[in-house]
There are 2 protein chains.
Amino acid sequence: MTNIRDLAKMAGVSVTTVSRVLNNHPYVSEEKRNTVLAAIKESNYQPNINAIHLSMGKTFLVGVVVPFIDHPYFALLIKGMAMEALENNYKLVLFQSNYEEARELDALQMLKQKQIDALIICSRICGWSTIEEFTRYGSIVLCEDTRGKNVSSTYVDHYKTFIFALQYLYQKGHRKIGYSIGRKSGSNSKFRGKAFKDFVKDYLLPHEPAYIFEDCLYFEDGERVITQIQKMADPPTALLITSDEVAAGIVTCAQQQNISIPSDLAIIGFNNQPIAKMMNITTIEIPLVEMGRKLFLQGIAESQVIYQEIPVTLIERNTV
Amino acid sequence: MTNIRDLAKMAGVSVTTVSRVLNNHPYVSEEKRNTVLAAIKESNYQPNINAIHLSMGKTFLVGVVVPFIDHPYFALLIKGMAMEALENNYKLVLFQSNYEEARELDALQMLKQKQIDALIICSRICGWSTIEEFTRYGSIVLCEDTRGKNVSSTYVDHYKTFIFALQYLYQKGHRKIGYSIGRKSGSNSKFRGKAFKDFVKDYLLPHEPAYIFEDCLYFEDGERVITQIQKMADPPTALLITSDEVAAGIVTCAQQQNISIPSDLAIIGFNNQPIAKMMNITTIEIPLVEMGRKLFLQGIAESQVIYQEIPVTLIERNTV
């Protein structure tokens with residue numbers, strides 16, 4: 001049976017070139033492509049792409065770990081990755097971790113076993129030593145600030161962003177400020193928590209634990225925030241809400257409860273998802289699709305460790 | 001170098017059993033697992049999972065084609081698939097088609113080349129002859145009514161469901177009824193269009209083309225529906241909106257424009273997403289996560305062609 005090496009010999013090209021033709025990869029000259037196609041025709045070769053990938057040591061698959069696929073934040077990141085994967089002739093392999101460490105390890109294991117060429121972790125669970133150990137087996141890229149670690153990343157500086165948003169609320173006259181986060185143990189949440197602590201200390205404001213709302217990820221979590229605020233004798237007058245989804249839930253529920261936004265409660269969302277525009281929510285725009293693209297390109301670049309910071313923008317609307 | 005066949009011989013088990021142990025597959029007895037692990041240790045075997053999969057003719061990868069990943073409808077289907085994939089030790093390979101036929105063909109090609117074991121198409125673009133041609137290369141499952149075709153499916157009977165919802169609005173006194181759909185050329189939209197035509201004919205109601213809104217997929221499309229209705233001399237009094245996302249956009253925008261819901265305009269959404277519950281939207285519940293699970297299991301079942309209908313439920317809330 002003819003194999004890829006025979007074909008390369010017949011066509012007088014490298015095995016890589018034959019593989020590129022078989023994979024419809026764009027970077028092959030028209031002339032070489034035609035020689036390979038002629039050899040395929042002549043030899044009656046039946047390609048087995050898996051065997052070809054095996055011989056190349058490449059799969060053209062890139063793994064992506066997300067806690068859940070049905071959250072707009074992660075869905076928009078994946079959208080960007082999928083766009084770039086298409087342009088570069090790769091496919092994405094999806095790992096839904098549900099924040100269970102074993103599932104992230106499963107993805108790292110696939111990298112070790114060369115079932116994927118690179119791994120993008122959108123919301124890390126494993127410790128740094130584990131991640132760094134696996135970098136020897138293939139490209140790993142994180143969507144968080146990895147400065148000082150031996151792992152590449154595309155990230156938003158959440159410390160800086162939080163300080164900026166808190167200062168904005170302060171300038172608008174707010175002194176009783178709180179915030180919501182998703183997963184408390186997440187790296188981004190830690191940077192945000194530190195920013196908040198430093199800010200209230202610097203500005204001599206109260207650090208009220210009741211003003212911090214954890215596990216806020218979905219629209220319906222906004223209802224919980226409003227319910228808790230209604231029970232407070234001394235509620236916050238402004239909140240940073242780290243997901244527009246949740247901010248939209250807060251605005252909707254506040255309306256039902258006759259809480260006026262922004263006069264009773266000011267809200268800054270995060271991401272600038274379409275729902276924020278539609279509901280006129282002031283928000284910090286994070287270009288998630290663009291970040292997804294950059295994460296993917298970093299994954300396949302096989303370069304040294306690079307930290308890629310993504311700038312964010314305040315979009316002023318009607319909720320502050 | 002020791003390979004998987006040597007290991008099987010040493011351990012006195014089948015190649016499949018060795019593969020299962022290497023893949024951490026659950027269906028291996030403790031005894032056999034230990035024999036294989038002892039053989040691995042003794043021979044100092046370094047597994048190459050891709051070579052193992054190649055020799056088995058299996059990849060433990062299942063492809064999923066969706067038009068976009070960042071829409072809750074598709075995200076919830078994928079969530080269900082990912083849950084079932086995990087339990088069965090498979091991974092999902094994602095194809096974001098953006099409704100371009102070439103991308104769906106790309107996925108079908110991967111099935112042909114055995115890079116995936118099965119393919120789930122959530123919103124088909126290719127014609128039936130193309131799909132049926134590729135069924136010889138592996139398992140293909142569709143998320144639409146395929147009765148009469150040689151392809152398995154898990155589906156909602158959108159004709160029956162639309163008639164049911166239209167009758168409900170009729171019983172509530174509505175005579176000027178319209179609807180929104182996503183992609184006009186989609187199979188589900190065709191069933192819904194036919195149901196609407198048959199219904200208005202049977203109930204002697206007007207078939208007003210202006211009451212039909214196409215390309216309604218996202219929250220912000222609700223704004224467009226309201227804007228169009230406000231321009232009408234004789235607007236509809238009730239709408240079936242085939243996505244809760246869009247229904248939420250309509251409700252939000254109607255509120256801003258002082259259109260009272262349900263007295264000026266009644267709305268029935270579809271899917272029963274969390275946003276529908278939060279905003280008290282009457283909706284047709286479609287169990288998308290459950291459908292995703294069933295689609296996945298059909299994909300890996302390698303059985304004959306089966307059509308699996310999923311029942312839906314009307315959830316009565318405040319928008320009718």
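First the proteins, then the strands, lettered A, B, ... as listed; each starts at 1. We use all heavy atoms of the structure for the numbers below, so side chains are in, but hydrogens, waters and symmetry mates are not. In this text the structure is predicted, and so the values were computed from the model without any measurement.
The stretch residues 66-74 of chain A places A:Ile69, A:Asp70 near chain B, each with some heavy atom under 4.5 Å from a heavy atom of that chain. Residues of residues 253-263 of chain A that come within less than 4.5 angstrom of chain B, heavy atom to heavy atom, are A:Cys253, A:Gln255, A:Gln256 in numerical order. Against chain B, the residues from residues 75-87 of chain A that qualify, each with a non-hydrogen atom under 4.5 angstrom away, are A:Ala75, A:Leu76, A:Ile78, A:Lys79, A:Ala82, A:Met83, A:Leu86 in number order.
Between chain B and the residues A:Lys277, A:Met278, A:Arg103, A:Glu223, the most heavy-atom pairs under 4.5 angstrom are made by A:Met278. With chain A as the partner, the residue from B:Lys112, B:Glu245, B:Gln109, B:Met110 showing the most heavy-atom pairs under 4.5 Å is B:Met110. Counting heavy-atom pairs under 4.5 Å between each of B:Phe95, B:Tyr218, B:Phe219 and chain A puts B:Phe219 at the top.
Rounded to the nearest 0.5 Å, atoms CG (A:Leu94) and NZ (B:Lys91) are 10.5 Å apart. Going from atom OG1 of B:Thr252 over to atom CG of A:Asn280 covers 11.0 Å, rounded to the nearest 0.5 Å.
Remark: A:Phe296 pairs with A:Tyr90 by the ring-ring contact (aromatic ring centres under 6.0 Å, His included) rule, at least two apart or across chains.
In terms of heavy-atom proximity, A:Glu220 sits nearest to B:Pro274 at OE1-CB, 3.3 Å.
Using a 4.5 Å cut-off between heavy atoms, A:Asn98 does not touch chain B at all.
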